[in-house]
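I have placed the structure first, in the form of structure tokens, so that the comments after it can refer back to it.
Here is how names work: the chains are called A, B, and so on, in the same order as the sequence lines, proteins then strands, and each is numbered from 1.
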Number of protein chains: 2
Amino acid sequence: MPKLDTSLIAGLPPFEGLQREELAQVLSSARSLRFAREAAIFEQEAEAHSFFVLLDGYVRVVRTTPEGEQVIVRYISEGEVFGIAAALGRTTYPATAIAAVDCVVLAWPSALWPELSARFPLIGVNTYKTVGNRLQDAHTRVVEMSTEQVEQRVAHALLRLVRQTGRQTDEGIEIDFPITRQDIAEMTGATLHTVSRLLSAWEEQEIVRSGRKRVIVRDPHRLVLKAESREDG
Amino acid sequence: MPKLDTSLIAGLPPFEGLQREELAQVLSSARSLRFAREAAIFEQEAEAHSFFVLLDGYVRVVRTTPEGEQVIVRYISEGEVFGIAAALGRTTYPATAIAAVDCVVLAWPSALWPELSARFPLIGVNTYKTVGNRLQDAHTRVVEMSTEQVEQRVAHALLRLVRQTGRQTDEGIEIDFPITRQDIAEMTGATLHTVSRLLSAWEEQEIVRSGRKRVIVRDPHRLVLKAESREDG
DNA sequence: CCGCCACTTTGCGCGAGCGCAAGTTTCCGG
DNA sequence: CCGGAAACTTGCGCTCGCGCAAAGTGGCGG
């Protein structure tokens, strides 16, 4: 196994505040792994053998119902931890993680979490802060699903993706990974048909520009209006 | 301030595994507080000065949208921690906590969390396990809201409340605190009208029995059927 | 370079559940 | 014991978004 360099993780949120020497120690028990686009990094219900930090790419976290319907729980961006079942006292993964593009991840054995978080308390603090934010996000989503129309929810979802992964282009801000109408539907509790209709309408109004697995937001401000008001702006 | 007895918290999940002497130390920095029915224990957006353990009663955790709509995030039962913003790196409460009945709580200053969780690692482990479960629950709810009809969601909500707080009576299992149609609506993303209609229909079918602020489940099994199948059983 | 498949678009009809409105019951405070 | 407000019930019409169906379109693999 090649020695991993501390520069890989220096500056990443989970390791914020650690010394170079400490980073090296943390890295010494990590493996680096690659996953091809659409490959599963871990599967729902499987034993949680590892936890991960995403070094490069994007990861889609998906829950599947007993009836086979899928819901996208969230997207993971570079520098985020994921699959941290161990830190939360679980022994199995509650969802499936799929590489949305070719990805590079670091993996630690779950069994190492207690030792690691004890030796480097900052890692624990940073991780639990992340968990707190995700709990927040999840509740926000419950509130949205309870109180908003589909149009508002889709607008909110796009705005969140733009904020999280937006890449400036000459046409507007583009979501930085391939995303289908079906994906957006699974994030918002709508059908791909309704999402397609909404995107078409917004394209008409020059708010977005979209194509096969691509979405570009041209006018974020007007999209915010869609997200906030019930009537048609 | 009266000295608090270790028997108050011995055996509660957050303090699982601690020695009597340790319990005493933990208690020494706690205050005991009472809240009358419908009183606010803390408010959304307010500075998170304390975190809490519920000794007696039930607490309703509510999020309010900018538009003034309310969503019930969860109910807290005896022995659960709540208001743990500090442990998740937040400085304000993300929701409002209301005593659903007269309540007794223990409160610790938020500033004490780092010290407390460092001195008694088990408290941290237990608390983060709870957080993990709540994150799970929140995601489960998102999935339900995305994939289920209102009838199924209401059935699921009732079953969860029965499991969490059910009290056996001669008529069936009763939800152990006053709960209105409006409350159930705010848990499920429905209107109180629809909830009322559902409860009436179920009363007709002798699945539940309900009155002013009361719900009794007479036939949990048939309610499970309602929760699981799309058509009318 | 071309064929195919995954992805997308669009039309049409319908039904779950909301919004509104009016009336009833229950409980609590005085 | 009584008055009023809070909680609950029920009816009716409408609309948002789904379900189904069918026809485009772009891009990748062979």
* Asked: Any chance CD of B:Glu47 has more than 12 other-residue heavy atoms, nucleotides or ligands included, within less than 6.0 Å?
  -> no
* Asked: Mind checking what makes side-chain hydrogen bond (donor to acceptor under 3.5 Å, both in side chains) contact with B:Glu203, not counting sequence neighbours?
  -> B:Ser210
* Backbone N/O of A:Gly68 and side chain of A:Thr64: donor-acceptor pair under 3.5 Å -> no
* **Under 4.0 angstrom between A:Gln149 side-chain N/O and D:dG17 OP1 or OP2** => yes
* May I ask you to decide if the ring planes of B:Phe52 and B:Phe82 are parallel, tilted or perpendicular, using 30° and 60° as cut-offs? => parallel
* Asked: To the nearest angstrom, how far is B:Leu192 atom CG from C:dA21 atom P?
  -> 15 Å
* Asked: Got a donor-acceptor pair under 3.5 Å from the side chain of B:His193 to the base of D:dT10?
  -> yes
* Asked: By a strict heavy-atom criterion of less than 4.0 Å, which residues belonging to residues 95-103 of chain A are in contact with DNA chain D?
  -> none
* Structure fact -> Residues passing the salt bridge (charged side-chain N to carboxylate O under 4.0 Å, His left out) test with A:Arg134, sequence neighbours excluded, are A:Glu80
* Asked: OP1, OP2 of C:dG17 versus side-chain N and O of B:Thr191: anything below 4.0 Å?
  -> no
* To do: Starting from P on D:dC16, measure out to NZ on A:Lys226 and report it in whole angstrom.
  => 13 Å
* State, yes or no, whether a side-chain contact exists between B:Arg31 and B:Leu106 at a heavy-atom distance under 4.5 Å. => no
* Gap between atoms CD and P, on B:Glu151 and C:dG17 respectively (whole Å) -> 8 Å
* Structure fact -> note: A:Glu204, atom CD; C:dT8, atom P; distance rounded to Å ~ 19 Å
* Under 3.5 Å, is there an N or O donor on one side and an acceptor on the other linking the side chain of B:Arg197 and the base of C:dG19? -> yes
* Asked: According to the side-chain hydrogen bond (donor to acceptor under 3.5 Å, both in side chains) rule, which pairs have a member within residues 82-105 of chain B, sequence neighbours left out?
  -> none
* **C:dT9 phosphate, OP1 or OP2, under 4.0 Å from A:Ser196 side-chain N/O** => yes
* Structure fact -> One would report the end-axis bend of the helix from C:dC1-D:dG30 to C:dG30-D:dC1, five pairs per end and rounded to 10 degrees, as 50°
* Taking atom types as modelled, is there a side-chain donor on B:Thr140 or A:Arg63 under 3.5 Å from an acceptor on the other? -> yes
* Is A:Arg34 atom CZ crowded by more than 12 heavy atoms from other residues, nucleotides or ligands, each under 6.0 Å away? -> no
* Asked: B:Asp56 and side chain to side chain contact (heavy atoms under 4.5 Å, CB included): which partner among B:Val101, B:Val104, B:Val105, B:Leu8?
  -> B:Val104
* Comparing B:Thr194 and A:Arg153 on DNA chain D - which has the more 5′ nearest nucleotide -> B:Thr194
* **Presence of B:Arg181 side-chain N/O under 4.0 Å of D:dT9 phosphate oxygens OP1/OP2** => yes
* Check the distance between D:dA6's C1' and B:Glu38's CD and give it to me in whole angstrom. => 12 Å
* If you measure only the distance, is there a donor-acceptor pair under 3.5 Å linking the side chains of B:Thr191 and B:Thr194? -> yes
Between protein and nucleotides 23-30 of chain C, what N or O pairs are separated by less than 3.5 Å?
from   : atom 1 : to       : atom 2 : distance (Å)
C:dT26 : O2     : B:Arg212 : NH1    : 3.2

